[in-house]
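Take a look at the structure set out below.
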Amino acid sequence: MDKLHIYNTLSREKEEFEPIKEGFVGIYVCGPTVYGDPHLGHAKSYVSFDVVIRYLRYLGYKVRYVQNITDVGHLTDDADQGEDKLEKQAAIEKLEPMEIAEKYTYNYFRDMDKLGVQRPDISPRATGHIIEQIQMVEKLLENGHAYETDGNVYFDVSSDEDYGKLSGRDIEEQESGTRIETASDKQDPKDFALWKKADDGHIMKWPSPWGMGYPGWHVECSAMSTKYLGEHFDIHGGGMDNQFPHHECEIAQSEGAFNKPFANYWMHNNMVTLEGQKMGKSLGNAISLNEFFRGDHELLSRAWDPQIIRFFLLQSHYRSTTDFSEEALSSAENGLRTLQDILRLIEETEEGTGDAYDLEALKKSVESKLNDDFNTAQAIAVLFDELKKIRKQINSGEAPENLGDVRTFLHNFVDDVLGLWPEAEAAQSEDDKTEKLIELLIDIRNKARHNKNFELADAIRDQLEELDIKLMDSPEGTEFKIG
RNA sequence: GGCGACGUGGCCGAGUGGUUAGGCAGAGGUCUGCAAAACCUCCUACGGCGGUUCGAGUCCGCCCGUCGCCUCCA
């Protein structure tokens with residue numbers, strides 16, 4: 001594809017992307033509720049959108065990326081009952097709710113940083129935008145889309161003809177749904193809370209025109225996206241599991257308050273599964289990212305480098321489920337290593353006198369894959385094919401004359417867009433003495449080889465290998481690699 | 001029950017109706033004292049049954065199976 005196309009959940013098809021304002025993109029992605037450590041599912045979502053943001057920038061757009069931090073209002077049951085997730089966790093950990101929020105916000109960014117996820121331009125906290133949320137609720141009351149009963153304010157779903165357009169639900173036919181108990185002061189079970197009255201035991205509460213209370217979960221995203229991106233913006237993203245009710249409610253609120261379209265494109269990433277089951281915190285089968293990084297989980301036999309996880313996720317499409325297994329991770333690791341070995345080779349090789357590599361073709365090919373709804377899996381496949389060609393040319397001794405340009409492009413694409421550039425080699429961090437010692441051993445070994453004392457030569461190689469130092473002989477000499 | 005997906009070779013995982021996805025693993029070979037790396041070659045699949053078509057993994061129907069949402073979840 002020549003131009004960027006995005007699968008839009010609203011239309012259920014790929015559409016050519018056209019920003020509202022030429023050259024600019026406003027994008028909002030639903031962030032985490034900070035009451036626990038982020039897990040592999042979060043990684044899939046935020047790594048996916050990270051590439052979306054990076055690619056939009058690569059294409060030359062000026063992007064404003066807003067991703068909220070939910071630190072209040074997210075209840076354990078439906079939007080009307082249940083406890084606040086943060087307050088519940090606070091009770092368990094014997095901390096203030098805001099301590100919980102701080103702690104898990106910190107962990108969230110810590111783990112995302114490790115995955116190479118660039119930080120959003122704005123990370124607004126729900127508790128920092130209570131006023132904006134109240135204003136939005138007032139607007140909805142004015143517009144006849146909401147009603148108040150005894151300190152609670154609900155959105156009147158029957159007032160919104162379009163309700164259900166995102167998730168493809170016919171609300172009339174939903175009538176006999178399986179919803180269990182609902183709050184008795186609602187006019188209709190489908191109505192959802194905009195503002196909740198706080199009872200005495202509730203810690204996080206604020207004064208409002210309707211008394212002390214706290215905002216409903218959905219309203220924060222409407223209020224904060226409007227504040228930073230405007231009433232009408234380009235892209236809204238999030239996990240598929242939030243399509244309904246969360247995103248549906250956001251649309252209802254924003255369009256009900258401002259009488260104009262909300263986000264033009266809705267993007268939803270699919271889930272990570274574990275043995276075919278969705279990985280979710282509340283399902284108890286989630287493995288946190290920190291556990292992956294440390295190998296500290298009963299389902300893990302070892303630690304996994306963040307970059308392997310990033311690569312593993314990008315090898316599948318964001319709209320497909322990704323089934324996790326250590327076997328699959330291990331395959332990803334070997335593949336990534338191959339890819340990065342070639343990148344290092346290109347990095348270290350000088351331009352030669354060989355035929356110019358067809359850089360334009362590579363660029364076009366790889367862009368066409370990402371233009372097709374961010375198909376990172378295919379882009380990576382192209383990289384494997386093409387980088388192997390380049391390696392072959394370099395190994396033939398006739399490095400391409402335009403290798404410098406190739407290198408520049410690879411930095412722009414593999415580093416800046418995919419975020420898969422090899423980290424500095426471990427060997428570089430080893431001190432000089434270690435390096436000299438290894439070289440000494442190599443020297444001794446090569447003398448042994450010269451004297452056909454292969455027994456000694458192999459013993460040196462084998463024993464070094466046990467120390468994670470790998471020797472590779474070639475006609476040009478012996479190289480070593482640590483780790 | 002309603003809505004929506006998906007079922008691809010040993011594993012993971014892309015696929016715009018018509019020549020190879022790709023990765024991992026495996027086999028054989030070249031190179032090497034032997035390894036490793038690299039290179040060459042091989043392993044060519046689309047849940048089942050019908051249908052549309054000159055031609056279907058790719059469209060349509062039915063069936064089987066799996067999953068997601070409908071209650072918190074990226």
Side-chain angles (χ1 to χ4, degrees), chain A residues 1 9 12 14 29-33 35-36 38-49 74-83 85 164 167-170 173-182 217 237-246 268-273 276-283 286 311-312 315-325 327-336 338-339 341 345 369 372 375-385 388 391-392 394-396 449-450 452-454 457-458 461-462 465 470-475 478-479 481:
Chain A
M1 286 186 182
T9 309
R12 303 200 179 268
K14 288 178 195 167
V29 173
C30 281
T33 299
Y35 70 105
H39 55 73
L40 190 58
H42 294 95
K44 173 156 173 115
S45 187
Y46 300 119
V47 166
S48 299
F49 285 107
H74 203 162
L75 306 185
T76 52
D77 280 308
D78 73 23
D80 320 309
Q81 293 171 315
E83 302 167 76
K85 290 192 171 195
S167 53
R169 270 159 229 272
D170 184 340
E173 286 182 13
Q174 286 267 135
E175 199 56 55
S176 59
T178 55
R179 264 182 189 259
I180 328 164
E181 298 291 309
T182 49
W217 173 40
M240 244 175 207
D241 48 356
N242 274 334
Q243 214 174 86
F244 189 91
H246 186 54
H268 289 99
N269 65 275
N270 215 319
M271 302 292 107
V272 172
T273 57
Q277 299 287 321
K278 175 184 164 184
M279 189 180 279
K281 216 171 321 198
S282 55
L283 299 168
F311 181 71
F312 167 68
Q315 268 195 309
S316 65
H317 189 85
Y318 77 90
R319 281 191 291 113
S320 304
T321 53
T322 302
D323 195 45
F324 158 76
S325 68
E327 198 189 348
L329 265 189
S330 177
S331 299
E333 177 176 35
N334 290 333
L336 179 63
T338 302
L339 206 63
D341 281 348
L345 177 68
K369 303 305 184 191
D372 185 7
N375 198 327
T376 52
Q378 284 208 5
I380 288 169
V382 170
L383 284 177
F384 270 105
D385 280 342
K388 280 183 178 176
R391 173 171 67 186
K392 206 166 152 186
I394 291 174
N395 285 344
S396 77
R449 287 174 69 207
H450 187 76
K452 300 219 185 302
N453 185 351
F454 298 121
D458 291 350
R461 184 173 62 197
D462 291 348
E465 180 138 23
K470 211 169 185 180
L471 299 191
M472 287 157 292
D473 300 324
S474 77
T478 302
E479 288 188 28
K481 200 171 150 185

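All chains are named by letter (A, B, ...) in the order of the sequence lines, taking the proteins before the strands, and each is independently numbered beginning at 1.
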Nucleotides 14-17 of chain B: which of its N/O atoms have a protein N/O under 3.5 Å away?
| from | atom 1 | to | atom 2 | distance (Å) |
| --- | --- | --- | --- | --- |
| B:rA14 | OP1 | A:His317 | N | 2.8 |
| B:rA14 | OP1 | A:Ser320 | OG | 2.9 |
| B:rA14 | O3' | A:Asn375 | ND2 | 3.2 |
| B:rA14 | O2' | A:Gln378 | NE2 | 2.6 |
| B:rG15 | OP1 | A:Asn375 | ND2 | 2.9 |

Which whole number of Å gives the distance between the [atom1] atom of [N] and that of [M]?
N	M	atom1	result
B:rC43	B:rA27	C1'	8 Å
B:rG17	B:rG9	P	22 Å
B:rC34	B:rG10	P	35 Å
B:rG65	B:rG15	C1'	22 Å
B:rG50	B:rC11	P	26 Å
B:rA25	B:rA38	P	10 Å
B:rC62	B:rU19	P	29 Å
B:rG57	B:rG48	C1'	14 Å

Find the distance [X]:[atom1] to [N]:[atom2] and express it as a whole number of Å.
X	N	atom1	atom2	result
A:His268	B:rG4	NE2	P	16 Å
A:Lys278	B:rC67	NZ	C1'	11 Å
A:Met271	B:rC69	CE	P	8 Å
A:Met240	B:rG68	CE	P	13 Å
A:Asn242	B:rC3	CG	C1'	17 Å
A:Arg319	B:rG4	CZ	C1'	13 Å
A:Phe244	B:rU71	CZ	P	7 Å
A:Gln243	B:rU71	CD	C1'	16 Å

Query - Residue pair A:Leu283 / A:Gln277, side-chain heavy-atom distance below 4.5 Å - result: no
Contact class for [X] (heavy atom, under 4.0 Å): base, sugar-phosphate, or nothing?
X	result
A:Val382	nothing
A:Asn269	base
A:Met279	base
A:Ser167	sugar-phosphate
A:Gly168	sugar-phosphate
A:Glu333	nothing
A:Tyr46	sugar-phosphate

Restricting to salt bridge (charged side-chain N to carboxylate O under 4.0 Å, His left out), what partner residues turn up for [X], sequence neighbours left out?
X	value
A:Lys281	none
A:Arg391	none
A:Asp458	A:Arg461
A:Lys392	none

Query - Residue pairs passing the salt bridge (charged side-chain N to carboxylate O under 4.0 Å, His left out) test where at least one lies in residues 315-324 of chain A, sequence neighbours excluded - result: A:Arg319-A:Asp373
Query raised in the report: Considering residues at least two apart in sequence or located in another chain, which fulfil the side chain to side chain donor-acceptor pair (under 3.5 Å) criterion with A:Lys369?
Result: A:Gln378
Query raised in the report: Which residues satisfy the side chain to side chain donor-acceptor pair (under 3.5 Å) test with A:Asp372, sequence neighbours excluded?
Result: A:Lys14
**Report entry** All side chain to side chain contact (heavy atoms under 4.5 Å, CB included) counterparts of A:Asp341, not counting sequence neighbours
**Finding:** A:Arg337, A:Arg344, A:Lys481
Which atoms of nucleotides 25-27 of chain B (N or O only) lie under 3.5 Å from a protein N or O atom, and what are those distances?
| from | atom 1 | to | atom 2 | distance (Å) |
| --- | --- | --- | --- | --- |
| B:rA25 | OP1 | A:Asn334 | ND2 | 3.4 |

Find the distance between [atom1] ([X]) and [atom2] ([Y]) and round it off to the nearest 0.5 Å.
X	Y	atom1	atom2	value
A:Ser316	A:Ile380	OG	CD1	9.0 Å
A:Asn242	A:His268	CG	NE2	7.5 Å
A:Lys278	A:Asn270	NZ	CG	10.0 Å
A:Ile394	A:Leu345	CD1	CG	4.5 Å

Query - Worked check of side chain to side chain contact (heavy atoms under 4.5 Å, CB included) between A:Arg449 and A:Thr478 - result: CA-CA 12 Å; A:Arg449 287 174 69 207; A:Thr478 302; 3.9 Å; yes
Requested in this report: Take A:Arg12 and A:Phe312, find for each the nucleotide of RNA chain B with the closest heavy atom, and name the residue whose nucleotide sits nearer the 5' end.
Outcome: A:Arg12
Report summary line: Closest to the side chain of A:Glu327, out of B:rG68, B:rC11, B:rG22, is B:rC11
Query raised in the report: Hey, where does RNA chain B pair up into stems, meaning at least three consecutive Watson-Crick or G-U pairs with distances under 3.5 Å?
Result: B:1-7 with B:64-70, B:10-12 with B:22-24, B:26-30 with B:38-42, B:47-51 with B:59-63
Requested in this report: For nucleotides 29-39 of chain B, just jot down a letter per nucleotide in 5' to 3' order: B, S or -, based on protein non-hydrogen atoms under 4.0 Å.
Outcome: ----BBBB-SS
Query raised in the report: Taking the six-membered ring for Trp, are A:Phe324 and A:Phe312 parallel (under 30°), tilted (30 to 60°) or perpendicular (over 60°)?
Result: perpendicular
Query raised in the report: Would you say B:rC67 has OP1 or OP2 under 4.0 Å from some side-chain N or O of A:Gln277?
Result: yes
Report summary line: For A:Ser45 and A:Asn269 the tightest heavy-atom approach is OG-OD1, 2.9 Å
